[in-house]
Peer 1: 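I have a structure I would like to understand better, so I am pasting it below and will then ask my questions one at a time.
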Amino acid sequence: MKGLDKELLAAARGAMKHAYAPYSRFAVGAALRLSDGQVITGSNFENASYGLSLCAETVALATANAQGRLADVEAIAVAGPEMAIPCGRCRQILSEAEQVAGRAISIYCTSADGDRVLQYSLAELLPHAFTLANVERNDAKDA
Ligand code: THU
């Protein structure tokens with residue numbers, strides 16, 4: 001992605017409006033940029049059984065997959081009240097998306113007011129990721 005994708009950051013902030021977060025009251029929005037320019041959004045989706053809650057990034061990535069577009073994800077923007085940064089589970093799901101896409105996915109984190117933006121690579125957020133390659137090595141050992 002060339003320069004800062006302000007439209008994507010704005011889409012992530014916009015998706016905060018659709019957060020279902022009655023328990024944490026911490027609204028998060030995520031937006032994916034696909035290779036053809038399309039944007040797919042997601043919002044956190046909480047549950048009375050707290051641990052079942054889904055993060056905005058996970059919802060957006062699962063939506064991309066449901067539309068057959070996971071391989072086309074180039075960047076993700078995440079927006080939260082002060083700032084939102086992908087949790088460990090979302091980092092692992094992003095790792096799977098990178099594997100499917102065959103490329104690095106740029107990660108942008110922003111505040112609700114848009115004043116602050118941080119950029120990361122998944123290699124920074126999840127070094128030494130557990131991937132398909134690890135599973136295949138384990139299978140090979142069993143054979
Ligand atoms: N959350 C996200 O959706 N994405 C993040 O990057 C951090 C956390 C959600 C999970 C939960 O619904 C709420 O924010 C508080 O943790």
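Every number for a ligand or one of its atoms is a count from 1 in the order of the listing.
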Peer 1: Pick out which of D72, N65, L34 makes a side chain to side chain contact (heavy atoms under 4.5 Å, CB included) with I40.
Peer 2: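 With I40 as partner, D72, N65, L34 yield a single side chain to side chain contact (heavy atoms under 4.5 Å, CB included), made by L34.
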Peer 1: Going by heavy atoms in the side chains, are Y20 and S43 under 4.5 Å from each other?
Peer 2: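 No, too far: nothing below the 4.5 Å cut-off.
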Peer 1: Suppose we screen for side chain to side chain contact (heavy atoms under 4.5 Å, CB included). Which residues come up paired with E96, at least two apart in sequence or across chains?
Peer 2: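 Here the qualifying residues are Q99.
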Peer 1: Please list, by chain and number, the protein residues whose heavy atoms come under 4.0 Å of ligand 1.
Peer 2: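 Within 4.0 Å of ligand 1, the protein residues are S24, F26, V28, N44, E46, C55, A56, E57, I85, P86.
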Peer 1: Counting only pairs under 3.5 Å, give me each side-chain donor-acceptor contact of residues 7-19, with atom names and distances, residues two or more places apart or in other chains.
Peer 2:
{"unit_1": "E7", "atom_1": "OE1", "unit_2": "R33", "atom_2": "NH1", "d": "3.2"}
{"unit_1": "E7", "atom_1": "OE1", "unit_2": "R33", "atom_2": "NH2", "d": "2.6"}

Peer 1: Show me the donor-acceptor pairs within less than 3.5 Å that the side chains of residues 46-54 make with the rest of the protein, sequence neighbours left out.
Peer 2:
{"unit_1": "E46", "atom_1": "OE1", "unit_2": "Y23", "atom_2": "N", "d": "3.1"}
{"unit_1": "E46", "atom_1": "OE1", "unit_2": "S24", "atom_2": "N", "d": "3.1"}
{"unit_1": "E46", "atom_1": "OE2", "unit_2": "S24", "atom_2": "OG", "d": "2.5"}
{"unit_1": "N47", "atom_1": "OD1", "unit_2": "S49", "atom_2": "N", "d": "2.8"}
{"unit_1": "S53", "atom_1": "OG", "unit_2": "N47", "atom_2": "N", "d": "3.2"}
{"unit_1": "S53", "atom_1": "OG", "unit_2": "Y50", "atom_2": "O", "d": "2.8"}

Peer 1: So how far is it from T110 OG1 to M83 CE, rounded to the nearest 0.5 Å?
Peer 2: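 It is 5.5 Å, given to the nearest 0.5 Å.
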